[in-house]
Each structure stands twice: as C-alpha cells, then as structure tokens.
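Inspection log for the structure reproduced underneath, given as structure tokens.
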Amino acid sequence: MSIANLALDLRVLAANKCFSQQFGWSQRDVVGQNFRDLLHPGMLSRIESQFTSLAVGERPRFVEQMVAVRAKQRMFVGELTGIAVADGVGMAGSIMVLVKPDKAEQEPRSVGQSKKLLNPLHARILEGVAKGDSTVQLAEKLLLSSSAVEYYVATLMRKLKVPNRPALVSKSYSTGILGIGQWPPKVTTEFVK
C-alpha cells in the first residue's frame, strides 16, 4: 500500500517505500515534495478542494480518481484516499494519503507525448462529445456540416486509438486531456496547439 503523510500545505512529511517507488522518487527525495506536483494539472482544482475540506474539518476523508505524474513525466491512473489526521486538540494536523494505482493501467504514458495533441476545433468537438451533444447539435454550434463533425470525431478516435465515442471520452479523462471535476467538460489547455 502506498502511504504518505502530508502537511496541511500538502508537502510530503513522510512516505513509505511503496509510495516513493510509485512516484519514481527515492524515499529520502520524496520528502519535502509538494503533493500537487505529483498530480496531473487537470486534476488540481478538484483535488485542492478535497484537501481544503479535510484541513478545515468539513469532512474526515475523501476518495477520488486521480491521474498522477511520476518523476520522469510518466503518468498513471488510480484511486486517491485522503484522511484527516487530528492533532492533540482535535483539529486536522496533517493529512494521510493512500494511493492505489489502477490494476488495468497499461504501461505508464509520458505526459510530454500527450501535450499539444489537439487544435482548438478538435478541443471544442471533444468537449461537445463529452457533454453528450449529438452530431447535429455540434454541427449547429460550430457552424459545420454533420459530415464534417463526424470526420473530426473519427480523427479524434484515431488519434487516441479508441473504437467509439464513449471510449473517446473515457480515454480523454484517464489521460488528463479532459479536466476532472468540471462541468461542462473542458479540455486542459496544455493539450491544445
């Protein structure tokens, strides 16, 4: 089990060997790292609010899906559990995190491989597909023909190597292309040319 203890400002105070190996750091070098830097940028707003809730005592724990970044810019998907650890007077003194990588996760992907993958039109189409817009709705919004929208969706599916629209949306979230915890869905700016 990958476990670390974080200060309320999310610096790593201590981590077990499994945690440091999971993120590609030595046990000594991971101490002092900011946990935010270990997460994919598309996740930060949602995870930050969860940690804030723990720190101010609004909740004792949370469980979230996460996309994390290893030391050499390699990503993995998993489950993050945060637990408030009380100090001597009953306030949150630190936060314990448990990281459980997804068993189905394939070889870690390079963050750099994914950057600047989409042009602005592809990004708007992906956001519409993730929102549930039909081909006709997307065509009307983007002032395109239905066949042009279908062409762009097919191009996105080829780029991400998926067979259909649901898989396109799922892979976009799991790779961090679509920001987690946002509605309507929004492509992370670092993936747009």
Side-chain angles (χ1 to χ4, degrees), residues 10 23 34-54 59 62-70 72-82 97 99-193:
L10 303 186
F23 286 93
N34 190 315
F35 189 71
R36 292 174 190 91
D37 297 337
L38 304 178
L39 297 174
H40 187 279
M43 301 223 34
L44 291 178
S45 63
R46 181 161 181 93
I47 296 296
E48 290 258 358
S49 67
Q50 295 285 13
F51 281 120
T52 300
S53 293
L54 291 179
R59 61 188 333 182
F62 72 84
V63 178
E64 284 283 344
Q65 280 300 113
M66 67 172 216
V67 180
V69 181
R70 291 188 171 107
K72 295 182 181 176
Q73 295 297 300
R74 305 289 280 175
M75 295 189 313
F76 70 95
V77 177
E79 183 179 88
L80 171 66
T81 302
V97 292
V99 175
K100 181 180 173 187
D102 187 351
K103 295 278 188 215
E105 180 68 13
Q106 301 167 348
E107 172 130 348
R109 296 172 298 271
S110 171
V111 173
Q113 290 172 345
S114 301
K115 291 187 186 262
K116 308 303 179 196
L117 180 67
L118 308 174
N119 66 37
L121 181 59
H122 282 134
R124 291 193 62 199
I125 288 173
L126 180 57
E127 291 167 355
V129 170
K131 186 179 171 189
D133 290 344
S134 69
T135 298
V136 172
Q137 290 170 319
L138 282 170
E140 288 174 1
K141 285 180 186 176
L142 301 174
L143 304 175
L144 298 170
S145 69
S146 293
S147 59
V149 170
E150 285 299 326
Y151 170 79
Y152 288 121
V153 171
T155 301
L156 286 166
M157 290 190 299
R158 274 193 307 276
K159 279 185 178 193
L160 293 178
K161 299 178 181 153
V162 294
N164 53 41
R165 286 179 181 221
L168 176 65
V169 173
S170 179
K171 189 161 186 182
S172 295
Y173 275 113
S174 73
T175 57
I177 295 171
L178 287 170
I180 296 172
Q182 300 177 49
W183 191 261
K186 188 83 175 132
V187 170
T188 308
T189 56
E190 68 192 45
F191 289 93
V192 182
K193 295 175 188 174

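Side chains are part of it too, since the values below use all heavy atoms of this structure and drop only hydrogens, waters and symmetry mates.
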Distance-only donor-acceptor hits, side chain of residues 119-132, under 3.5 Å, sequence neighbours excluded:
| unit_1 | atom_1 | unit_2 | atom_2 | d |
| --- | --- | --- | --- | --- |
| N119 | OD1 | L121 | N | 3.0 |
| N119 | OD1 | H122 | N | 2.7 |
| N119 | OD1 | H122 | ND1 | 3.4 |
| N119 | ND2 | H122 | ND1 | 3.2 |
| E127 | OE2 | V187 | N | 2.9 |

Is any side-chain heavy atom of [X] less than 4.5 Å from a side-chain heavy atom of [Y]?
X	Y	answer
T81	K100	no
L80	F62	yes
L144	Y152	yes
F191	T175	no

**Study point:** Minimum heavy-atom distance between L178 and P185, given as atom pair plus value
**Key:**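 In this case the closest contact between L178 and P185 is CD2-CB, 4.3 Å.
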**Study point:** Where A68 and F23 come nearest, the two heavy atoms and their spacing
**Key:**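 Here A68 and F23 meet closest at CB-CE2, 3.6 Å.
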side-chain hydrogen bond (donor to acceptor under 3.5 Å, both in side chains) with [X]: which residues, sequence neighbours excluded?
X	value
S147	S145
S134	Q137
E48	R36

Review point. Got a sec, which residues hit side-chain contact (heavy atoms from CB on, under 4.5 Å) with E140, two or more places apart in sequence or on another chain?
Key: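 Testing E140 for side-chain contact (heavy atoms from CB on, under 4.5 Å), a comparison that skips the adjacent residues, returns V136.
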Practice item. Identify, with sequence neighbours excluded, every residue that meets side-chain contact (heavy atoms from CB on, under 4.5 Å) alongside Q65. Key: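 Applying side-chain contact (heavy atoms from CB on, under 4.5 Å) to Q65 gives V77, E79.
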**Study point:** Any pair counted as salt bridge (charged side-chain N to carboxylate O under 4.0 Å, His left out), so long as it reaches residues 147-159, sequence neighbours left out
**Key:**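 Every salt bridge (charged side-chain N to carboxylate O under 4.0 Å, His left out) pair that includes a residue of residues 147-159, provided the two are not neighbours, is E150-R165.
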**Study point:** Between NZ on residue K193 and CG on residue L117, distance to nearest 0.5 Å
**Key:**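 CG of L117 is found 7.5 Å from NZ of K193.
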Review point. What distance separates M66 CE from L39 CG, expressed to the nearest 0.5 Å?
Key: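 Rounded to the nearest 0.5 Å, the CE-CG separation comes to 6.5 Å.
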Review point. Hey, is the main chain of I177 close enough, under 3.5 Å, to the side chain of T188 for a donor-acceptor pair?
Key: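 Here the side-chain-to-backbone pair exists.
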Point to revise | Under 3.5 Å donor-acceptor, K171 side chain and L160 backbone | key: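 Judged by distance alone, yes, a pair lies under 3.5 Å.
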